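Given the structure is predicted, the values throughout are model-derived calculations rather than measurements. Positions are given from 1, in the same order as the sequence printed here.
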Amino acid sequence: MLRVRCLRGGSRGAEAAHLIGAMLGRALTGWVHKAFQSSASSAAAAAQPALTDDDSANEPDRQKCPVCSYNEWDSLEEVIVGRAENASVPPFTVEVKANTYEKYWPFYQKYGGQPFPQEHVEKAVAEIEEMCNILRQEGVTVRRPEPIDWSFQYRTPDFASTGMYAAMPRDILLVVGNEIIEAPMAWRARFFEYRAYRPLIKEYFQKGAKWTTAPKPTMADELYDQDYPIRTVEDRHKLAALGKFVTTEFEPCFDAADFIRAGRDIFVQRSQVTNYMGIEWMRRHLAPAYKVHVISFKDPNPMHIDATFNIIGPGLVLSNPDRPCRQIEMFEKAGWTVVKPPTPLIPDDHPLWMSSKWLSMNVLMLDEKRVMVDANETSIQKMFERLGIKPIKVNIRHANSLGGGFHCWTTDVRRRGTLQSYFN
């Protein structure tokens, strides 16, 4: 059509037709050449041998990626340690009520939106600084989130809240291989907690790490059972047994601390802060390289798996005797050794505003033969010694009050190891 119209223009139209034809010819030749190159490249790629498990596992090392961790026990090289500075008591909302003990409810009702007791926080800050110093002495690189004022009030189209803290990186960041996954969280007071970690995450990303942010929930009222009937511990037991939690299935939500890694197998619990939609998102995201297993416990208040079920070595797990795992036979059949830690020694009068005494088993493995454990918990120290594991003793009693042990207060960024299967 174009050629006919050009020819109607006489000799000038003929010249135009000749020029356009030449241009089309060159374009077609270039396209064919590129297509051939693309096909040749694809063929060359297809001719390369497929990556083995070891090859894929070493990929982050070959790229000199600063992020690489597949489990909870390989030799620790770099870790993020949280901050207690500016910690603020979360408002006493329905999701906070469902995750805290009744004896502390008056504390939240009185101080929600205000700083935690200053003297207590100062002691926690000093304890965590000492913890960081000991980690460095053990040869571990320590990184810290940014200090932020968490007392400011923010508002979204769905809710208003103050913040909480950046004390527990394990809750918000999950490292799988060379990927950092930012958890969406489930407490409104923790909606913007990621901001304290963004400078670190951007740095890791610029040096080659993968960076994934899970879908951010709206945290609208529909995400929570506003009439969740908690009055006593018995209520919690009944609801947990029925599979009822304060978070609904309105949208995906999860805390990273409800997942625990063992190479190609990752274990997770449905809890007050992690719903099945969140678990399904992780399952699809990590497939096919990793398999996500849902396990459950006789726990009246499930929130974060690592003070209930803490994997400390290949085929070696600490299992809370007060919260037995309903699928424990699955691990025993796979040849795992299940160790029941001793009763915690923390005094009854020591405040634990967001956790139980079982933070004693919330330990951080520096490698298969070294464990960071509370200096006051002599019973569990002896247990580790019997297992041939050296306890690295640190006192973080006041830091415990803010809701976490050594595992909670850290996210391991790099461990020296490869991707393997430990569970069949």
Side-chain angles (χ1 to χ4, degrees), residues 53-83 128-146 166 168-182 196-212 256-257 259-264 266 289-290 306 310-314 316 362-373 384 388-394 396 404-420 422:
D53 281 358
D54 288 340
D55 290 329
S56 61
N58 291 330
E59 191 69 22
D61 293 334
R62 286 204 298 267
Q63 297 174 355
K64 300 189 183 302
C65 178
V67 175
C68 186
S69 181
Y70 298 105
N71 57 49
E72 311 291 339
W73 63 82
D74 280 338
S75 183
L76 184 63
E77 296 182 337
E78 184 164 335
V79 69
I80 299 172
V81 178
R83 287 190 180 275
I128 297 304
E129 288 296 334
E130 178 63 11
M131 172 184 164
C132 291
N133 290 334
I134 293 173
L135 281 166
R136 294 184 187 105
Q137 291 168 13
E138 294 293 326
V140 180
T141 298
V142 176
R143 308 299 303 274
R144 309 295 300 278
E146 295 293 306
M168 311 293 164
R170 187 75 58 175
D171 296 355
I172 190 169
L173 301 177
L174 179 67
V175 172
V176 181
N178 65 345
E179 179 180 14
I180 302 174
I181 301 173
E182 244 181 64
Y197 300 94
R198 278 294 174 87
L200 278 176
I201 297 173
K202 287 189 289 186
E203 176 190 326
Y204 290 134
F205 175 73
Q206 289 164 349
K207 291 181 179 179
K210 294 180 180 178
W211 172 16
T212 299
F259 294 81
I260 197 156
R261 305 158 304 153
R264 291 195 177 276
I266 297 175
Y290 301 89
D306 48 2
N310 195 357
I311 302 173
I312 60 171
L316 182 62
N362 188 258
V363 296
L364 176 69
M365 301 303 297
L366 305 188
D367 55 35
E368 290 185 43
K369 295 299 179 181
R370 291 179 300 160
V371 60
M372 186 162 275
V373 63
F384 281 117
I389 301 171
K390 178 184 177 182
I392 307 298
K393 304 167 189 176
V394 188
I396 61 166
F406 297 102
H407 200 255
C408 297
W409 275 92
T410 58
T411 287
D412 41 305
V413 174
R414 189 172 63 254
R415 288 183 181 270
R416 192 184 309 124
T418 58
L419 179 59
Q420 298 181 41
Y422 305 94

Do [X] and [Y] have side-chain heavy atoms sitting under 4.5 Å apart?
X      : Y      : value
Asn133 : Val142 : no
Asn71  : Ile311 : no
Met131 : Met372 : yes
Pro66  : Glu203 : no

First locate atom [atom1] of [X], then atom [atom2] of [Y], and finally report the distance between them rounded to the nearest 0.5 Å.
X      : Y      : atom1 : atom2 : value
Phe205 : Leu200 : CZ    : CG    : 15.0 Å
Ile80  : Leu173 : CD1   : CG    : 5.5 Å
Ile134 : Cys132 : CD1   : SG    : 10.0 Å
Leu316 : Met365 : CG    : CE    : 7.5 Å
Asp306 : Ile260 : CG    : CD1   : 6.0 Å
Ile389 : Ile312 : CD1   : CD1   : 4.5 Å

- Message: Please list all pairs meeting salt bridge (Lys or Arg N to Asp or Glu O under 4.0 Å) that have one or both residues in residues 67-80, counting only residues at least two apart or in different chains.
- Response: Glu72-Arg170, Glu72-Arg261, Glu77-Arg414, Glu77-Arg416, Glu78-Arg143, Glu78-Arg414
Residues which pass side-chain contact (heavy atoms from CB on, under 4.5 Å) with [X], listed by chain and number, not counting sequence neighbours:
X      : answer
Val176 : Leu174, Ile181, Ile266, Leu286, Tyr290
Arg198 : Glu182, Tyr194, Trp211, Thr213
Ala196 : Pro145, Ile148, Trp150, Ala166
Lys210 : Asn178, Glu179

- Query: In chain order, what residues pass the salt bridge (charged side-chain N to carboxylate O under 4.0 Å, His left out) check against Glu146, with sequence neighbours excluded?
  - Reply: none
- Query: Hey, mind stepping through Leu419 and Arg264 against side-chain contact (heavy atoms from CB on, under 4.5 Å) and telling me if it holds?
  - Reply: CA-CA 7 Å; Leu419 179 59; Arg264 291 195 177 276; 3.5 Å; yes
- Is there a donor-acceptor pair closer than 3.5 Å between any side-chain N or O of Asn362 and the backbone N or O of His407? yes
Do you know which two heavy atoms are closest between [X] and [Y], and how far apart they sit?
X      : Y      : answer
Ser69  : Asp412 : OG-OD2, 2.8 Å
Val394 : Phe406 : O-CZ, 3.4 Å
Phe384 : Val373 : CE1-CG2, 4.4 Å

- Query: Of the options Leu366, Thr411, Leu135, which is the one that meets Val79 in a side-chain contact (heavy atoms from CB on, under 4.5 Å)?
  - Reply: Leu135
